[in-house]
Engineer: 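First, the structure itself, so that you have it in front of you.
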Amino acid sequence: MPGPRPGSNAYDVERARLRKRIENSGRANDKEADEAANRYLQEEQRRPGFVRGERGLGPKGERGPGEPK
């Protein structure tokens, strides 16, 4: 899956963890670390996810022709 959606609790938790890791590495100050964490999570949103099974494709009646049944 691409990752948590912006505004969700999971997104905020992941952003805080990344920000803390960047700050502790000594590479950036507080503001730069926050921006870097946001940028990383936004890029992660654009990555394609994958379907783990047929249930992820939706109900059989809503699938288009040629899709797995």
Side-chain angles (χ1 to χ4, degrees):
M1 299 304 275
R5 294 180 182 208
S8 69
N9 185 44
Y11 183 88
D12 292 340
V13 168
E14 188 65 26
R15 183 174 51 88
R17 287 180 183 158
L18 285 171
R19 196 179 100 210
K20 186 174 184 178
R21 204 179 318 160
I22 292 168
E23 282 180 32
N24 289 339
S25 70
R27 296 181 191 164
N29 62 22
D30 186 41
K31 185 177 178 184
E32 292 171 351
D34 192 39
E35 291 172 359
N38 276 330
R39 200 169 39 249
Y40 176 79
L41 289 173
Q42 292 297 323
E43 290 172 3
E44 189 175 282
Q45 283 292 320
R46 290 187 217 120
R47 295 182 191 153
F50 60 92
V51 178
R52 295 188 178 184
E54 288 186 11
R55 291 189 69 164
L57 298 173
K60 288 185 179 182
E62 293 179 9
R63 296 182 194 164
E67 293 182 13
K69 298 198 182 220

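Both backbone and side-chain heavy atoms feed into the values below; hydrogens, waters and symmetry mates do not. Index from 1, following the sequence.
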Engineer: Measure across Ala33 and Ile22 and return the closest heavy-atom pair with its distance rounded to 0.1 Å.
Structural biologist: CB-CG2, 3.8 Å
Engineer: Please report the shortest heavy-atom distance between Asn29 and Glu23, naming the atom on each side.
Structural biologist: O-CG, 4.4 Å
Engineer: So Glu35 and Asn38, do their side chains get closer than 4.5 Å, heavy atoms only?
Structural biologist: no
Engineer: For Glu14, which residues count as a side chain to side chain donor-acceptor pair (under 3.5 Å) partner, sequence neighbours excluded?
Structural biologist: none
Engineer: In Å and rounded to the nearest 0.5 Å, what is the CG to CZ distance from Asp12 to Arg19?
Structural biologist: 11.0 Å
